[in-house]
Amino acid sequence: MLVFKFGGASVKSAEAVKNIGEVLKRYPDEQIAIVISAMGKTTNALEVITDHYFHRRKKELTKCFSDLKKYHLDIMDELFPNPTHDAHRGIRSLFEEMEARLGKPHTMNYDFDYDQIVSYGELLSTTIVSGWLMEAGIKNRWIDIRRYLKSDNTYREAKVDWELSSRLIRQAFHFKDTRLYITQGFLASTINDMTTTLGREGSDFTAAILAHILKADSVTIWKDVPGVLNADPKWFDDTVKLEKISYLDAIELAYYGATVIHPKTIKPLQNRNINLYVKSFLEPDTEGTLVANLNYEKLIPSFIFKMDQVLIRISPKDFSFIAEDNLEKIFGYLSGYGIKINLMQNSAVSFHICTNNDKRKVRSLIDDLEKDFRVSYETGLELITIRYFDQSTIDRVMINKDLLLEQRFKQNIQLVVRDRG
Ligand code: ASP
Ligand code: MG
């Protein structure tokens, strides 16, 4: 069997939904579990809705909710012009449920409420796609993944209960009376059936979980790009598509911030040696990128750019060295504020951290650090990572930049730079 994952862009409009049918027609006999994200930018919109709801901004909440509803209903009207078509009922009742929830007071637990609300994105998208495929004569079964994918209660970053989920998922996806299942990415639920989510962009991970548990032959992530590129086309005109990359390269690229594949996706596949294809849903007949257990000679450099970075320099006030006790304190603050280190480096008397400039968190961190350390920092920086670098690739990205800090580790180089403007 195969696992397909369709992301937000592949279901952002009625035309896009129809296109999924076109892609599936290329696989008339295969057994496929299809994992789908929320439509377009729906998850972002639901995050805003959650925020208005939690802070009781009634007017804004009503406006955002009705915008989101209109977006989905417009797509429905295009797909099912007949207003009495059965498909409308499911969507209407999801919106009613959602409205009822938004009318109730919040629970004081932001992350809990977030998951209960944001999860509607995937419930809506999968209901729409499943209905459309039926309409197009492609029989399928809609599955509420929350009944089978079980997690702990870390809302917004739920940890999967692999043992229980394996048992339940194998029972649910038996392929006895259907060859196509449609289900939600990103969602799970606790043992008490409270909805959880697996972290932003978590649908790739869902696809990997299903593939691992069901021992799939392969996973295909359908995207609006032709495959894994060696840089974000936002930064370079002449990006190249990587024909194939190893699991390790995929993990490294995702870890350093390449956004094509979610970092958690690879491990469950690698453990079972399951091939991953990244392909374009716009050109389904062209080869995408294969991620697998591979060795290759020709190493194509890949570039990852992170903007809006802050570089923090920390040194003990008493001129002591940077040692274990200092580091313990620094890391304590970092983990307390949930600050992700993009790069760190130490010398005898100072310690450097490069991180995303999340202003609120960084401000609190610096206030705390200043109790014990001398702290200076610079914002507005860029962090450039090159995998398989050589001097010419460094020269290329350093044009018009000042180098503040550099770190080399095996095949990777990371450069913290300031743009000369
Ligand atoms: N819809 C969720 C998000 O945007 C999950 C996903 O797309 O992978 O984060
Ligand atoms: Mg999404």
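Counting starts at 1 for both ligands and their atoms, in listed order. We use all heavy atoms of the structure for the numbers below, so side chains are in, but hydrogens, waters and symmetry mates are not. The chain is numbered in sequence order, starting from 1.
Ring geometry for Phe65 versus Phe95: interplanar angle over 60°, hence perpendicular rather than tilted (30 to 60°). Note: Phe80 and His85 have tilted aromatic rings, judged against thresholds of 30 and 60 degrees for the angle between ring planes.
Under a 4.0 Å criterion applied to the non-hydrogen atoms of Arg200, ligand 1 contributes the atoms 3 (C), 4 (O), 9 (O). Within ligand 1, the atoms closer than 4.0 Å to a non-hydrogen atom of Phe186 are 2 (C), 5 (C), numbered from 1 in the order shown. Interface atoms of ligand 1 facing Ser203, defined by a heavy-atom separation under 4.0 Å, are 5 (C), 6 (C), 7 (O), 8 (O). Atoms of ligand 1 lying under 4.0 Å from at least one heavy atom of Ser37, given by number and element, are 6 (C), 7 (O), 8 (O). Of all atoms in ligand 1, listed by their number and element, those nearer than 4.0 Å to a heavy atom of Glu122 are 1 (N), 2 (C), 5 (C).
If you look at His262 next to ligand 1, there are no close heavy atoms at all, none under 4.0 Å.
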Tyr120 vs Glu97, side-chain hydrogen bond (donor to acceptor under 3.5 Å, both in side chains): CA-CA, chis, key distance, verdict: CA-CA 10 Å; Tyr120 279 98; Glu97 247 178 60; 2.8 Å; yes

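Distances from ligand 1 to the non-hydrogen atoms of Gly202 include at least one value under 4.0 Å.
Between Ile49 and Cys64, the shortest heavy-atom distance links the atoms CG1-CB, 3.6 Å.
Sparse packing is recorded around NZ of Lys12, with 12 or fewer heavy atoms of other residues, nucleotides or ligands lying under 6.0 Å away.
A cation-pi arrangement is present between Lys18 and Trp132, with the terminal nitrogen or guanidinium carbon under 6.0 Å from the aromatic centre and inside a 45° cone about the axis.
Taking only nitrogen or oxygen atoms, main chain and side chain alike, Thr43 reaches within less than 3.5 Å of ligand 1.
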